[in-house]
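Data first, discussion second: the structure below is written as structure tokens.
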Protein chains: 2
Amino acid sequence: MTITDVARAAGVSIAVVSYALNGRRGVSETTRRHVLKVAQDLDWRPSAAARSMRTDAVTSVGLQALDGTSSTHSASAALDLAAGLRGVLDGVALAVEVAADPRSGAADLERSWSERRHTAFVVPDLLVDDPRVRVAARVGAPVVAITPPVPGAGGAERTVWFDGAAEEAVGRYLVDLGHRDIVLLAASADGDVSRALHSGLLTATAGLVATVTVVEASSAAAGAAAARLFTDEQRPTAVVTDGDLTALAVLEAARHRDLRVPWDVSVVSGADAATCRLVDPQLTAVARPWHDLAPAVAAALQVGPAAAPPTARLVIRGTTAPPPAPVVT
Amino acid sequence: MTITDVARAAGVSIAVVSYALNGRRGVSETTRRHVLKVAQDLDWRPSAAARSMRTDAVTSVGLQALDGTSSTHSASAALDLAAGLRGVLDGVALAVEVAADPRSGAADLERSWSERRHTAFVVPDLLVDDPRVRVAARVGAPVVAITPPVPGAGGAERTVWFDGAAEEAVGRYLVDLGHRDIVLLAASADGDVSRALHSGLLTATAGLVATVTVVEASSAAAGAAAARLFTDEQRPTAVVTDGDLTALAVLEAARHRDLRVPWDVSVVSGADAATCRLVDPQLTAVARPWHDLAPAVAAALQVGPAAAPPTARLVIRGTTAPPPAPVVT
DNA sequence: TTGAAAGCGTTACCAC
DNA sequence: GTGGTAACGCTTTCAA
């Protein structure tokens, strides 16, 4: 079923069919309707390959998902964003490509690009100075990076992130409750979420007598790391994590140490997920609607109208409370 | 950078370049080496689009992931399989496409196929009588379905699933412990995992005085459903779920009812995940190495050597024990 | 308003 | 062994 078949069936030339289907002017309304009907009856669809050989418009975007064990929310976030894009991208195909880590992801991106598989890329889970962005810049591939704005410029031409300052809100909220000793437990300290949280915490505590400590531990080691935190002489009164898994680990570690959450220690999950609502007490978390980031990404890809990014917000549930009163001696 | 550039640079015709690069015979070894070197120097890569216009070999396979809220393990399982495939597929591109549900997935598949985006498809999260398989059969697209073998034939020509009988092992294990009243709490009763677990439980309890009940509840409603189970006069002594999220919900419901796991009730998660190891007690679960399914899938796609599917196994942790002794009156 | 024809980058057939 | 060259299905320019 090719354009030639349609042209023959409609009794016109292939040029007319092409015009009619791409909404170009130069075809009579009658002919256009006729052609459209014939095409529909034959249920013809233009070959993506043939089309992309002639045109250099954006016809297919590649979204790179990281499969690394580092950030567990990563995969679901990428898929969530992909689902959102699917609804927004019209006539543009979306392919999710899975990479093990940013480095091999960069190689994959270069390959995809040089084989003309995609005309643009979306890269989430950005590291500072991410190799994928560097490679894309080198070969000239359009890239939209999903990352909080990084002061030193990430190298990406186009960057999309949530509006508002949920991460600062986390800090402010904890500070307002009275917390002054906060630990950020992150699976990866230079992940996007960790960086955003860290700077948010620093902003909120600026000018106060307070400490913000970053502890890095893979999600497998998060339990042990949390346990260690709680055995310290001076244990933090609040723990913020960069993902739901790590938060869960903190919850279990606390339970193990007979610390009651939220009275003895507050816990905030840096990423909201179904698990956050399934544990008891339910986890206070930062909800990031990756799905709704899609319009802004489409705009950045120049395949959609300008769109404001959605807002990430702090969802206060049951794991946060004022710190325990200091023991008076 | 096209084949023409390479030909010019190497001082040969494009036909020779094509032959040399595709390992065809009919080129002298000297020429082949020379061409290969030039191509490498120019770092030329064949255009996937141009290539696929001429050849109808499998060059790109589409893996459909379901984004539905129904099964949460789904997304990560699909991504895990994708990661495995990426390592196994050589010279064949892999694109994950996200669909909201099997029905819209079927539409997407038809579209992808008719636009010649992919030459074969991999479909996980199969339902009985899945629309995606029906559509693929209708249009003639090669499909590999990831599903336990279904007696009435799923309609898919090619089917891949785990070896062994982990699901039966679940049933046998519970029966051996003494359980006779088992509930299968599933987010979706006709999901692949649920079906496998159900038939496994039935097989294990065959010929015994035992009841196996299936309760369907979305993961959001799983908590409520589990709570209901536990208030019943005759509550089950073991609950098997089709996913880690549901299992987590059951654990919380039990805790809420002051039922101690595993002494008062046993819980088995039908899918293993990081969360299963993070809760206390750790969840007994069925571990399915989706990643290792890749070679078998590649074989089914006829892009790799025959491969035996990996084994799913029951990982016994802390949420299973003999049922409580009946109260003697 | 329509049609013929020239590419786009490959592969593969057929001469040389 | 090697070099022309005709497809593949589409878009787009240029004439009619």
Side-chain angles (χ1 to χ4, degrees), chain A residues 1-36 38-39 42-60 91-93 111-119, chain B residues 1-39 42-60 91-93 111-119 139:
Chain A
M1 200 46 51
T2 78
I3 198 177
T4 316
D5 298 319
V6 177
R8 191 171 21 230
V12 295
S13 76
I14 58 168
V16 173
V17 177
S18 178
Y19 285 152
L21 270 120
N22 293 326
R24 292 272 190 299
R25 9 172 282 160
V27 206
S28 70
E29 201 44 47
T30 341
T31 319
R32 157 167 294 140
R33 244 198 286 278
H34 180 213
V35 169
L36 252 43
V38 170
L42 267 48
D43 67 52
W44 169 83
R45 306 242 93 222
S47 147
R51 171 171 284 184
S52 79
M53 280 193 61
R54 281 295 294 179
T55 187
D56 50 356
V58 172
T59 51
S60 164
V92 178
R111 176 177 243 262
S112 274
W113 172 255
S114 61
E115 291 180 350
R116 282 78 138 186
R117 283 227 144 78
H118 305 298
T119 34
Chain B
M1 202 43 54
T2 78
I3 199 176
T4 316
D5 298 320
V6 177
R8 190 169 24 231
V12 295
S13 75
I14 56 168
V16 171
V17 177
S18 179
Y19 286 150
L21 271 121
N22 294 323
R24 292 270 191 302
R25 10 172 282 158
V27 205
S28 71
E29 202 43 47
T30 343
T31 320
R32 156 165 295 139
R33 245 198 287 277
H34 179 214
V35 169
L36 252 44
K37 170 144 185 30
V38 171
L42 266 50
D43 69 52
W44 169 86
R45 307 242 91 221
S47 148
R51 171 170 284 185
S52 79
M53 277 191 63
R54 282 297 294 174
T55 187
D56 50 356
V58 172
T59 51
S60 164
V92 178
R111 177 178 242 262
S112 274
W113 173 256
S114 61
E115 290 179 351
R116 281 78 139 188
R117 284 226 145 79
H118 305 299
T119 34
V139 300

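Per chain, numbering begins at 1; letters A, B, ... match sequence-line order. Just so you know, these numbers use all the heavy atoms, side chains as well, and skip hydrogens, waters and symmetry mates.
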Rounded to whole Å, how long is the line connecting atom [atom1] of [X] with atom [atom2] of [N]?
{"X": "Tyr19(B)", "N": "dG9(C)", "atom1": "OH", "atom2": "P", "value": "20 Å"}
{"X": "His34(B)", "N": "dT2(D)", "atom1": "NE2", "atom2": "P", "value": "12 Å"}
{"X": "Met53(B)", "N": "dT11(D)", "atom1": "CE", "atom2": "C1'", "value": "12 Å"}
{"X": "Arg117(A)", "N": "dG9(C)", "atom1": "CZ", "atom2": "P", "value": "16 Å"}
{"X": "Ile3(A)", "N": "dC8(C)", "atom1": "CD1", "atom2": "P", "value": "18 Å"}
{"X": "Arg51(A)", "N": "dG9(C)", "atom1": "CZ", "atom2": "P", "value": "18 Å"}
{"X": "Asn22(A)", "N": "dT13(D)", "atom1": "CG", "atom2": "P", "value": "13 Å"}
{"X": "Ile14(B)", "N": "dT5(D)", "atom1": "CD1", "atom2": "C1'", "value": "8 Å"}

Between [options], spot the one nearest the side chain of [X], thanks.
{"X": "Arg54(A)", "options": "dG3(D), dG9(D), dT2(D)", "answer": "dG9(D)"}
{"X": "Trp44(A)", "options": "dC10(D), dG4(D), dT11(C)", "answer": "dC10(D)"}
{"X": "Ala50(A)", "options": "dT10(C), dG9(D), dT12(D)", "answer": "dG9(D)"}

Mind listing the closest non-hydrogen atom pair of [X] and [Y] along with its distance?
{"X": "Ser60(B)", "Y": "Val92(B)", "result": "N-CG1, 3.9 Å"}
{"X": "Arg116(A)", "Y": "Met1(B)", "result": "NH2-O, 3.2 Å"}
{"X": "Ala49(B)", "Y": "Ser52(A)", "result": "CB-OG, 3.4 Å"}
{"X": "Thr59(B)", "Y": "Arg117(A)", "result": "O-NH2, 3.4 Å"}
{"X": "Val6(A)", "Y": "Val17(A)", "result": "CG1-CG1, 3.9 Å"}
{"X": "Arg32(B)", "Y": "Val27(B)", "result": "NH2-CG2, 4.0 Å"}

Please determine if a side-chain N or O atom of [X] lies less than 4.0 Å away from the OP1 or OP2 oxygen of [N].
{"X": "Ser13(A)", "N": "dG3(C)", "value": "yes"}
{"X": "Thr2(A)", "N": "dG9(D)", "value": "no"}
{"X": "Ser28(B)", "N": "dT2(D)", "value": "yes"}
{"X": "Arg24(B)", "N": "dA12(C)", "value": "yes"}
{"X": "Ser18(B)", "N": "dT11(C)", "value": "yes"}
{"X": "Ser47(A)", "N": "dC8(D)", "value": "no"}

Original post:
NA contact type, Ser52(B), heavy-atom cut-off 4.0 Å: base, sugar-phosphate, or nothing?
Top reply: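 Answer is nothing: Ser52(B) stays at 4.0 Å or more from every strand.
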Original post:
Which is true for Arg32(A) with a 4.0 Å heavy-atom rule: it touches a base, it touches only sugar-phosphate, or it touches nothing?
Top reply: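 Contact class for Arg32(A): none.
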**OP:** Mark yes or no for whether Asp5(A), through its side chain, and Thr2(A), through its backbone, hold a donor-acceptor pair below 3.5 Å.
**Re:**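 Judged by distance alone, yes, a pair lies under 3.5 Å.
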**OP:** Could you tell me whether the side chain of Tyr19(B) reaches within less than 4.5 Å of the side chain of Val35(B), counting heavy atoms only?
**Re:**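 Answer no - side chains too far apart.
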**OP:** Tell me which of Thr55(A) and Ala49(A) sits closer to the 5' end of DNA chain D, going by the nucleotide each one is nearest to.
**Re:**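 Its nearest nucleotide lies further toward 5', so the answer is Ala49(A).
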Subject >> Bending between helix ends of the helix from dT1(C)-dA16(D) to dC16(C)-dG1(D) [5 pairs per end, 10° resolution] >> reply: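 Here the local axes at opposite ends form an angle of 50°.
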